[in-house]
A.B. asks: 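Can you keep this structure in mind? I'll have questions shortly.
In what follows, chains are A, B, ... by sequence order, proteins preceding strands, each numbered from 1.
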2 protein chains.
Amino acid sequence: MTAKSQRARSTAQAPSPKTAPRPRASGKTQELPDDRRQVLISEAARLFGSKGYENTSMRDIAAVVGILPGSLYYHFPSKEDLFVAVYSFAVSQSLDAVKQAVEGRDDAWARLEAACIAHMHGLLDKNRFASVLVSHLAVDTLPEQVVTLRDKYEAVFKDLVAELPLPAGVDQRIFRLGLLGSMNWAITWYRPGVETPASIARKLLNVIRRA
Amino acid sequence: MTAKSQRARSTAQAPSPKTAPRPRASGKTQELPDDRRQVLISEAARLFGSKGYENTSMRDIAAVVGILPGSLYYHFPSKEDLFVAVYSFAVSQSLDAVKQAVEGRDDAWARLEAACIAHMHGLLDKNRFASVLVSHLAVDTLPEQVVTLRDKYEAVFKDLVAELPLPAGVDQRIFRLGLLGSMNWAITWYRPGVETPASIARKLLNVIRRA
DNA sequence: TCAATTACCAAACAACTGTTTGTTTGGCGA
DNA sequence: TCGCCAAACAAACAGTTGTTTGGTAATTGA
């Protein structure tokens, strides 16, 4: 994500094979003839999320997929484009999880709690598909699209907070940013153990929530 | 902070010139013959804090100091050692600021508020000497010494929280981690404007504090 | 005055980075 | 059977990275 990329970035979204891609012939147990692109995104997400963007090389990603580095460029025009795809995937996954957790519940606090639990789950649990969402700290080096996606995701929490019967004098924006911060920061200290992501989410909310 | 450094790291704390260093002969207006090492640390802190560790090269640091890259290795045996020095400096600075802000106050909430304001100030204000404290997200790639330093800093907040008359059922640890998270996360969204670091600190605390 | 030390320069090093290029493979529709 | 095309390989490219080495002015203590 260096400011000066080595080549100009295309805005295209990669070849996007409309015609069904042919299944990989090689390989022992025939895997699903699944969308190859999605596999790349998922594996890259895991690496970006755990090691960070700058500490993950295209060679790393290629290796875990079982491909040569150059071959990645058939699917994505640049590393940054790959990151955007990964981030976009993570946002849609998290959005789905949060929305599904919320729906059906009536009480505003219960809805927010469900959303927080879903958020923490995506952030800290085995999959950790959401961890890439918070793997980047230097915001001004983030591609514009990514910032847009992040805002889109956080808008859900904006709505949930708006529903809350908060006492006058409590800034909704600060409330939301504080809550998200306290949750996102958990990746710096969380270790699997007695406390689950869900229990942490509940406790964090409990600190904020008035008796 | 790659797990496998290119060379083994020394544990030494750099030459540490006890004898007064000679003033730079070159250069127009004669700067203070100040401790050179401290200048390096300060400039490196600014770069690490704003661009992040991996996006800051030894050449970047050398350039802002007006030195050749290799010359840095006279003062610090490796980039990682330099980072540890920077982090250590940031911790001691922040510790001083927080302790000074707290002392003289009696009320537990007032003490915590003063500490939070000091913390946010160091994090977001012009100097931003504390921003390097939160510039790293992947904790397991952090040098051990840095983790120790971080814990030492956060211990102050541990004490401040312990003083608080919190209602039963509120986990002190979660309270502290949540508060620190909500503050530290502010570097991802704070922009200088109407809201000051101090006002943000107060509002974040106000969300947590019970009426 | 002279040897030692401090703090640097100049130049290179190997390893690694993202990326490009040309080529090959295998299946599918015509 | 033929040509097409998705998807990969193989190999290199140029630039950047942290770091090392050997030398050299300026200052200092003796």
A.B. asks: Expressed in angstrom and rounded to an integer, what is the separation of Phe83(A) atom CZ from dG18(C) atom C1'?
C.D. replies: 16 Å

A.B. asks: Atom CD of Glu54(B) to atom C1' of dG18(C): distance rounded to whole Å?
C.D. replies: 17 Å

A.B. asks: Rounded to whole Å, please give me the gap between CD in Glu80(B) and C1' in dT19(D).
C.D. replies: 14 Å

A.B. asks: Picking from dT19(C), dT17(C), dG18(D), which would you name as closest to the side chain of Pro69(A)?
C.D. replies: dT19(C)

A.B. asks: On DNA chain D, does the nearest nucleotide to Arg59(A) precede the nearest nucleotide to Ile67(A) from the 5' side, or the other way round? Give the residue.
C.D. replies: Ile67(A)

A.B. asks: Below 3.5 Å, can you tabulate the donor-acceptor pairs from side chains in residues 190-199 of chain B to any protein atom, sequence neighbours excluded?
C.D. replies:
| from | atom 1 | to | atom 2 | distance (Å) |
| --- | --- | --- | --- | --- |
| Glu195(B) | OE1 | Arg173(A) | NH1 | 3.3 |
| Glu195(B) | OE2 | Lys203(B) | NZ | 2.9 |
| Thr196(B) | OG1 | Ala198(B) | N | 3.4 |
| Thr196(B) | OG1 | Ser199(B) | N | 3.0 |
| Ser199(B) | OG | Thr196(B) | N | 3.1 |
| Ser199(B) | OG | Thr196(B) | O | 2.9 |

A.B. asks: Among dA10(D), dT19(D), dT19(C), find the nucleotide with the atom closest to the side chain of Lys79(B).
C.D. replies: dT19(D)

A.B. asks: State whether Tyr74(A) places a side-chain N or O below 4.0 Å from either non-bridging phosphate oxygen (OP1 or OP2) of dA7(D).
C.D. replies: yes

A.B. asks: Could I get the full list of ring pair (Phe, Tyr, Trp, His ring centres under 6.0 Å) partners for Phe157(A), not counting sequence neighbours?
C.D. replies: His119(A), Tyr153(A)

A.B. asks: Please report, rounded to the nearest Å, how far the C1' atom of dG18(D) is from the CG atom of Asp81(B).
C.D. replies: 13 Å

A.B. asks: For dA7(C) and Arg37(B) - does any side-chain N or O of the residue sit under 4.0 Å from the phosphate oxygens OP1/OP2?
C.D. replies: no

A.B. asks: Met58(A) has an atom CE; how far is it from atom P of dG15(D), in whole Å?
C.D. replies: 19 Å

A.B. asks: May I have the distance from Leu68(B) (atom CG) to dT24(D) (atom C1'), rounded to whole angstrom?
C.D. replies: 13 Å

A.B. asks: Taking atom types as modelled and ignoring hydrogens, do the side chains of Thr148(A) and Asp151(A) form a donor-acceptor contact shorter than 3.5 angstrom?
C.D. replies: no

A.B. asks: For Tyr53(A), does the six-membered ring have the charged nitrogen or CZ of Lys79(A) within the cation-pi criterion, i.e. under 6.0 angstrom from the centroid and within 45° of the normal?
C.D. replies: yes

A.B. asks: Using whole Å, what does the distance between atom C1' of nucleotide dC8(C) and atom CG of Leu72(B) come to?
C.D. replies: 11 Å

A.B. asks: Using ring centroids (six-membered ring only for Trp), state whether Phe83(A) and His136(A) fall under 6.0 Å.
C.D. replies: yes

A.B. asks: Would you mind reading off the distance between Tyr73(B) atom OH and dG23(D) atom C1', rounded to a whole angstrom?
C.D. replies: 19 Å

A.B. asks: Please tell me if Ser71(A) has a side-chain N or O lying less than 4.0 Å from either OP1 or OP2 of dA7(D).
C.D. replies: no

A.B. asks: Is the phosphate of dA8(D) approached by His75(A) (side-chain N or O, under 4.0 Å from OP1 or OP2)?
C.D. replies: yes

